[in-house]
Amino acid sequence: MRLFYMQGGGFLKVRSSLVQSLLAALGLPEDERDLVERGLIQPPDPEMGDIALPCFPFASILKTSPHNIAKDAASKLMQDPFIERLNPQGPYLNIFLKRSKVIPVVLMEILEQSDSYGRQNLGKDEVIVIDYSHPNIAKPFHFGHLRSTNIGADLARILDYLGYRVFRKNYIGDWGTQFGFVIYAWQKYGDEKILEERAVDYLVELYIRANKETESDPKIHEEAKSLFKRLEEGDEKLTALWKRFRALSIETYEKTYARLGVEFDSFEGEAAISRKVDEVISRFQKAGVAIESENAIVVEVSDVLNREIAPCMLRKSDGSSTYAARDCAEAIARWEDHKFAANMYVCSRQEDHFAQVFAALKKLARAENWEYDWSDRCENISFGYVRGMSTRKGSAVWLGEVLEEARDRARAVRLAKETSNPGAFPRLTSEQLDRISESVGLAALLYNDVSASRMRDLDFDWDTVLRFDGNTGPYLQYTYARIAGVFRKAEGGDYSEDSDSVERADFKLLTTEEEWSLVLAVREFPKAVLQSGRKREPHEIAGYLQNLAMKFNNYYGAHRILNVEHKSLSKARLGLLKAVQNILGLGMNLLGISALDVM
RNA sequence: GCGCCCGUAGCUCAAUUGGAUAGAGCACCGGACUUCUAAUCCGGAUACUGCAGGUUCGAGUCCUGCCGGGCGUACCA
């Protein structure tokens, strides 16, 4: 953790200098570095200072009052090159930074490091396995699945940025009784032509149809179960059918993923692991962890979890294995393959299930006396429920549908703006309009998912999900495109030279409050990424970017960039814009939102 | 019954993990485009942070008990 602050660069020059000076001024040993580092906050009012250190935590160490600590440290702190003035207020040590010194240093860091600004080595190249999206073949890929897919993809990118080697796993639901239903309906109604045309959508229909029939004829349930059993036993014809269904489904999913900009390293799902399940179950039994109960094989976990909870069932009374057993086997395989620093399941509403699985593994670890109990590294990244989309009532909104609607609305908005405000927007070819509409619509959707912290429930509502102004993805895109527009103008005008050599600008010329506030904001980016990764919370980045974009638009409205009194001032402002644009682009990229030069 | 999550402005959400005067966006009202993209900006009103206790220098945040909502509760995955 300390490593990344020390590795030069980063937020880094200013911050590490400051922390060093503070340690000395407070008379604290190097060990307390983290306490100081993490204690730094932004004062509620910029009038108070640029950075503040509440001194309460040091009172017990230094054996004097926070008030005295702040006052005392203030008198010893002047020698830091980045400090302008100190303003101790009671227990708070408020610091005003020397803007003329800080601004060039911060902006140069960003411009030099560009694409890698904020990249950190928190992970030290350790592996994180992250399991997300995991659609259930034969069940519809509806809007609700977007959350797991999106949150998982975001976290994967964020953790990668923090220096982990991320293994993206799409543990698809390609095994289980639902296949019995699909096969049953296929044998009864299957139509080759429709299958080729509509692929997975058709399989879903078959599944729903078989399910409906079960309501009036319970025998179908038995039929489906026995079909699945035959599949499990390796029936050749059924296996061939299953392989085909699976391949078709993955093909369809991959199209959707490509559209969303989401990637995976593996699509191996439940079917792949099911071969190892029996072995794992007997391992649980041999270790004395799993017991027989009501003809089933279960692991009692209420003792580990210290609460009343159903046991983790590994085998049902009819002899077939459960998905909990598959998850146990899968986790074991993941550890053997990756020796992960974390094994994450981005999955909603299954807290009990994962608690059971992790606890069962913990019991196995104890019984078998593992050298390292990695069950502690398994995490369920849960998230809120998307309301208003129950599959059973048939009111599910399919993801594809939402994507189309998003694109169409984005296009309509753009066209309306053009007519109400002619000349204000760049002309677009129809290809550009298509591409941009797709991208803006997607940005609205993806951003909506992370616009609140992940545990919050969301109501599905077209007008909420597809908003384009205010706290939205398109707002970020718009801000980025505005900056790109300025650079286009600069290159076309008297600034062609200046716009590609902004790093040689004289940043001391940036003296307005808005510029200072922007510099303070861009500097917080690495911290936001770090927090976001630690909390497994993409929303953290969304909130940060929103704030940055708001500060920029405020600046943009208050000051001109080009054609100001002195050309050198324009050049310095272009440098600031480049830095802001760079950060916006990096952050949007982490959220899977494309940065557009024109919109 | 038990477990997990959520409760903050009319609505949707923040609040640097226990820090100073609880902030944004939508909606509403009033302003700003012959010069860098008005999907924008500026100004205005709106809060007993569900309720009651407790912990301490300090609580929206932590602990306890209620109230309201969501989800789950061994043979569906």
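Numbered from 1 within each chain, the chains take letters A, B, ... in sequence-line order.
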What integer distance in Å separates [X]:[atom1] from [N]:[atom2]?
X: F425(A); N: U37(B); atom1: CZ; atom2: P; result: 10 Å
X: L305(A); N: A74(B); atom1: CG; atom2: P; result: 16 Å
X: L53(A); N: U16(B); atom1: CG; atom2: P; result: 16 Å
X: N563(A); N: U34(B); atom1: CG; atom2: C1'; result: 15 Å

- prompt: In dot-bracket, 5' to 3', how would RNA chain B read with Watson-Crick or G-U wobble pairs under 3.5 Å, [ ] for crossing ones and | for pairs to another strand?
  reply: (((((((..((((.....[...)))).(((((.......))))).....(((((..]....))))))))))))....
Select base, sugar-phosphate, or nothing to describe what [X] touches, counting heavy atoms under 4.0 Å on all strands.
X: A484(A); result: nothing
X: Q89(A); result: base
X: R414(A); result: base
X: M550(A); result: sugar-phosphate
X: S451(A); result: sugar-phosphate

message: With hydrogens left out and only the distance checked, is there a donor-acceptor pair under 3.5 Å joining Q356(A)'s side chain and the base of A74(B)?
response: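 No.
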task: Could you say whether the aromatic ring of F56(A) and the base of G58(B) stack, counting only centre distances under 5.5 Å and plane angles under 30°?
output: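 The base of G58(B) is not stacked with F56(A) (the test needs centres under 5.5 Å and planes under 30°).
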query: Is there aromatic stacking of Y92(A) against A20(B), centre distance under 5.5 Å, plane angle under 30°?
result: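 Taking the rule of under 5.5 Å and under 30°, the ring of Y92(A) does stack on A20(B).
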- prompt: In terms of ring plane angle, is the pair Y345(A) and F354(A) parallel, tilted or perpendicular, where the classes change at 30° and 60°?
  reply: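 Ring orientation of Y345(A) relative to F354(A): tilted.
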- request: Please state whether the rings of F56(A) and Y92(A) are parallel, tilted or perpendicular, taking 30° and 60° as the class boundaries.
  value: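 Correct class here is perpendicular.
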- request: Report yes if a side-chain nitrogen or oxygen of R307(A) is closer than 4.0 Å to either non-bridging phosphate oxygen (OP1 or OP2) of U73(B); otherwise report no.
  value: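 Result: no.
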field: First of A424(A) and K535(A) reached from the 5' end of RNA chain B, by closest nucleotide
entry: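 Its nearest nucleotide lies further toward 5', so the answer is K535(A).
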- prompt: Given that E540(A) and Y478(A) both sit by RNA chain B, which one's nearest nucleotide is further toward the 5' end?
  reply: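 Of the two residues, E540(A) wins.
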message: Check this for me: D303(A), atom CG, are more than 12 non-hydrogen atoms of other residues, nucleotides or ligands nearer than 6.0 Å?
response: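 Enclosed.
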query: Would you find a donor on one side and an acceptor on the other, under 3.5 Å apart, between the side chain of D461(A) and the backbone of T464(A)?
result: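 Yes; at least one donor-acceptor contact below 3.5 Å.
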query: Do any pairs count as a side-chain hydrogen bond (donor to acceptor under 3.5 Å, both in side chains) and have a residue in residues 312-322 of chain A, sequence neighbours left out, and if so which ones?
result: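 Every pair satisfying side-chain hydrogen bond (donor to acceptor under 3.5 Å, both in side chains) with a residue in residues 312-322 of chain A: D278(A)-R315(A), D318(A)-S320(A).
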- prompt: Should U16(B) be called syn or anti, with syn set as within 90° of 0?
  reply: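 Nucleotide U16(B) adopts anti.
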task: Assign C67(B) to syn or anti; the rule is syn for a glycosidic angle within 90° of 0 and anti otherwise.
output: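 Because its glycosidic torsion lies more than 90° from 0, C67(B) adopts the anti conformation.
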